[in-house]
Asks: 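Let me begin by handing over the structure; questions about it come next.
Protein chains get the first letters and strands the later ones, always in sequence-line order, with residue 1 at the start of each. What you see is a predicted model; the values in this text were computed from it and never measured.
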Number of protein chains: 2
Amino acid sequence: MKKDRPFTHAIDRLGSVGLRPTRQRLALVRLLFENGDRHVTAEQLHREVTEIGVKVSLATIYNSLNQFTAVGLLREVAVETGRSYFDTNTAAHHHFFNDDTGELQDIPGDSVVLSTLPIAPDDTVVESVDVIVRVRNK
Amino acid sequence: MKKDRPFTHAIDRLGSVGLRPTRQRLALVRLLFENGDRHVTAEQLHREVTEIGVKVSLATIYNSLNQFTAVGLLREVAVETGRSYFDTNTAAHHHFFNDDTGELQDIPGDSVVLSTLPIAPDDTVVESVDVIVRVRNK
DNA sequence: CAATAAATTGGAACCATTATAAAAAAATAT
DNA sequence: ATATTTTTTTATAATGGTTCCAATTTATTG
């Protein structure tokens, strides 16, 4: 029995974080998590979900992206002021950002390593370290 | 003769990049470059220039920040979607960003070093590498 | 000092995002 | 099942940062 049951997966994923499996959320979860690691903006996701014939308002896209992020299903990546990118890979890793295309992409596992972690300013603790390697088309 | 002549400095700095030394730009250049390395948002700078009694419209603040960035006097740093930060230090270096206060601050010279630079995706070249260490108040 | 070019300005426009309040859907209790 | 309660979705308005615009002011050049 090799057949996947994506619907169930999506339901389970939502259930595991305490979010109700609504039609909208299910469609979004499938788009986001059943196609490998992804980096999406709200507009992009809205276009995609609309293309597959599911009607979801932009407001719900934003609500969902924020909820998913709050429960740790997604991670937000700040690369450009103006619009937000959401990454389905929540593990610690870094990014390439193509300034020409606006495309964001994971940097393979350990090909960037910080040799030293700097000492945080007084009375602060390090939360996370983001490395963004900006590239341009040749 | 140790006395500085900041006005002349400001004029020179503008002249060197081919921007006319207007009253507004002079005030902004002085605020930005005569107080060590700084990280400012447009709103912040507008407040500051207003406080010292110089009338500059927000539009001009934005124009100037963008112009200064275009000619290499400033560097833009993307830390949060929503607002832009401008850094008076254009040399290669990295940042601490305090999520609680919104404060951006340079990481001293070499206390963060990337051990490996990852190989850029096909048909792209690396433009720059931004490291942002996010911290929170203890 | 006149003519020309560039910069500044207030306000409208814009864009991504968030808030709001009413309608719809899902969960729960009966 | 059905009624009741709670959560979610939605359209639309509101927001916040930024850019655009046409008119006015300022700086440079002749």
Asks: Taking only N and O in the side chain of B:Arg83, is any of them less than 4.0 Å away from OP1 or OP2 of C:dT17?
Replies: no

Asks: Measure from CD1 on B:Ile61 to P on D:dG16 and round the result to the nearest Å.
Replies: 19 Å

Asks: If I take atom CG in residue A:Asn63 and atom C1' in nucleotide C:dA21, what distance separates them, rounded to the nearest angstrom?
Replies: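 From A:Asn63 CG to C:dA21 C1': 14 Å.
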
Asks: State whether B:Arg20 places a side-chain N or O below 4.0 Å from either non-bridging phosphate oxygen (OP1 or OP2) of C:dA5.
Replies: no

Asks: Measure from the side-chain heavy atoms of A:Arg25 and tell me the nearest of D:dT9, D:dA11, C:dT17.
Replies: D:dT9

Asks: For a quick test of reading the model: is some side-chain N or O of A:Gln24 closer than 4.0 Å to OP1 or OP2 of D:dT10?
Replies: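 Indeed, a polar side-chain atom of A:Gln24 lies that close.
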
Asks: For A:Asn66, answer base if it contacts any base atom (sugar-phosphate contacts may also be present), sugar-phosphate if it contacts only those atoms, and nothing otherwise; contact means non-hydrogen atoms under 4.0 Å.
Replies: sugar-phosphate

Asks: Can you measure B:Glu80 atom CD to C:dA16 atom P for me and round it to whole angstrom units?
Replies: 18 Å

Asks: C:dT17, D:dT10, D:dT18: which one has an atom nearest the side-chain heavy atoms of B:Tyr62?
Replies: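 Taking heavy atoms from C-beta onward, the closest nucleotide is D:dT18.
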
Asks: Using whole Å, what does the distance between atom C1' of nucleotide C:dA27 and atom CG of A:Leu19 come to?
Replies: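 It works out to 15 Å between those atoms.
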
Asks: Given D:dT9, is OP1 or OP2 found less than 4.0 Å from the side-chain N or O atoms of A:Thr22?
Replies: yes

Asks: Of the candidate nucleotides D:dC20, C:dT17, D:dT18, which contains the atom at the shortest distance from the side chain of A:Ser84?
Replies: C:dT17

Asks: Is there a side-chain polar atom (N or O) of A:Thr60 under 4.0 Å from OP1 or OP2 of D:dT9?
Replies: no

Asks: Rounded to whole angstroms, how far apart are CD on A:Gln67 and P on D:dT10?
Replies: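 After rounding, the gap between these two atoms is 12 Å.
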
